[in-house]
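All values below come from the heavy atoms of this structure, side chains included, with hydrogens, waters and symmetry mates left out. Atoms within each ligand, like the ligands themselves, are counted from 1 in listed order.
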Amino acid sequence: MAEITITLPDGSTRNLPVGATGADLAADIGPGLAKAALVVTVDGDDRDLDRILPDGSTVSIVTASSDGGLHTIRHSTAHVLAQAVLELWPGATYAIGPPIRDGFYYDFELPGGATFSNEDLEAIDARMRQVIDADQAFERFEAGAAEALELFSEHRYKREIIEQVTSGAASGDLAGEASTDGSVTYYRNGEGFIDLCLGPHVPSTGRLGHFALQKVAGAYWRGNEKQPMLQRIYGTAWADKKALKGHLHQLVEAEKRDHRRLAAELDLVSWPESIGPGLAVWHPKGALVRKIIEDYSRERHESGGYDFVYSPHIAKAGLWETSGHLDFYADGMFPPMELDGATYYPKPMNCPFHVAIYQSGQRSYRDLPSRLFELGTVYRYELSGVIHGLMRSRGFTQDDSHIFCTPEQVPGELASLLEFTLSVLRAFGFEDFQAKLSTRPEGKAVGEDALWEMATNGLRSALESAGLDYVVDEGGGAFYGPKIDVDVTDAIGRPWQLSTIQLDFNLPERFGLEYVGADGGRHQPVMIHRALMGSIERFFGVLLEHYAGAFPLWLAPEQVRVLPVAEEHQAYAESVVERLSAEGLRAKIAPADEPLGKRVRAGKVAKVPHVLVVGDDDLANGTVGDNARGSEAPERDLPLDEFVGRLRAVVESKS
Ligand SMILES: [Zn+2]
Ligand SMILES: [Zn+2]
């Protein structure tokens, strides 16, 4: 019998009969894999399991344990969602339904402009489970433009996609929905449900089921407000029950930790409508925490060899022309203002100002590296729909640094930069990091090959010597240099991208930066952009959610609240506060004008780390009763000296 040879990801080969499919390959490897297989990757392309494997191809079997497998589960579940909606609402039509992070959505238009209710979601969920129980196979078909238009004649959005992809007008997202070679692919399952799709899918609906429908939202067709408003249903889907449960639990936790909610409850930050969307004001307690964060950042930068600088909030158009921002970043900038015959823009970034400082005098190789640091407030135009509390706003302060160095200094500088970054993040209680290295993009890039190679290797060895887990985004870098992004994982397992170390071979060129080398000649320095926390606002928001508002002692705006049991203990309580304040601790009194139990509860709601109760015995013996945050029972008769010593040690160690 004629055979084909398939190479597996580990380099080994397998011979299979001609006509063997991905499913056959999985079965040939082992029964466990045959059961777990969802799709196959053939020479880099994902395909359905039942497609015939070409001879000589490299094939890997994709299971639910990989991102690709989960993606397929989510994508396939979106089809079942559309199937259920079309069956339940005769006359409904469907648009697109891609997988997204943790789940999927699908956009629909209901007859007569109807909208979905929460009860509808239950009915849809139930119908989806029937489709899943029926274990319908996903079957793939190809069709020419005319046939496809006929098949989807009742569905205007599908027809629009078919017309675009078959005319070759589509690219990117659109092409992902069908095909680009003049024909389209569609899939059929069940009695007659079809959907336009490139695939691949899980073999049959029975492989799905660990999903939950989450919410309904309005969404414009193609995200364009001139187009019809569609009804979008969001869902989440996972490989098994446990993963689904874990995710739903995480969502409940995330809801409780939403920084916008905590900011209001704890009186930290607000966003008055009178000021404008995406622009926060900091209340005293929030500002105090922010100040502690900034003070710590300054202290570390000072000892880390940085020079502090300041720059204005606006600059003339010419600066943004030279920097290139008006070319490639104009959409993200606030509109200009005219002043004394010149045009000024609010700054979206601090970089050109730091370049101007570098340019203020002649630099020699002996002056380098020059590390400039600023808590620089920038303004960016974000669409009102994407603004999200402190996480995405229109005005924020970057802990921004620009390092100018010689090419030879780049590797050493990158290694110490990454160490510095991780050490600062660890001080705030983050322990779990994941990094991404983005390398040179295909096509147009500035900077010599040797420079790219040296910088990329420098970033790689910095990651390795820091012992950091990282992935490589091959070709994912900007045209002007490679970079590292560092994510932290928060207390409920969510990743947050915080730090970026970005090489830049472009700005030094655009601004004509120079230094005098050891050879007496003029050379171009390399510039490194580095934001460590990213923005102070966002970092604060991440910390707030990470700690669910219960800041560690060194960051807590109110570290101790002292509660006199009765009026006659007020003077002693005041002396305790005085002592704590003298020791550099932040303490307040809650006087005995309300019942003690109520005051203790209020202290807990305010997430104060230590609520002290002082009564007769304490007054006589110089002790306190400590209700430490998170502890079951109070610790009584604690000598004040001992309490102070403990707190100082905890603050000192930032634990
Ligand atoms: Zn599909
Ligand atoms: Zn920069």
Decide, yes or no, whether a salt bridge links Arg290 with Glu537 under the criterion of side-chain N to carboxylate O below 4.0 Å.
yes
The protein N, O or S atoms lying under 2.8 Å from the Zn ion (ligand 2) are Cys351 SG, His402 NE2, His529 ND1
Does a donor on one side chain and an acceptor on the other come within less than 3.5 Å for Tyr157 and Glu109?
yes
Audit row: Tyr329, Tyr345, ring pair (Phe, Tyr, Trp, His ring centres under 6.0 Å) steps and yes/no:
CA-CA 12 Å; Tyr329 201 73; Tyr345 283 88; over 10 Å; no
Relative to Phe308, does Arg298 satisfy both conditions: NZ or CZ under 6.0 angstrom from the six-membered ring centre, and within 45 degrees of the ring's axis?
no
Less than 3.5 Å apart, any donor N or O on the side chain of Thr41 or Asp46 sitting next to an acceptor on the other?
yes
If I take the Zn ion (ligand 1) as the centre, what angle separates the NE2 atom of His75 from the SG atom of Cys197? Nearest 10 degrees is fine.
100°
Any side-chain donor-acceptor pair under 3.5 Å between Arg207 and Thr72?
no
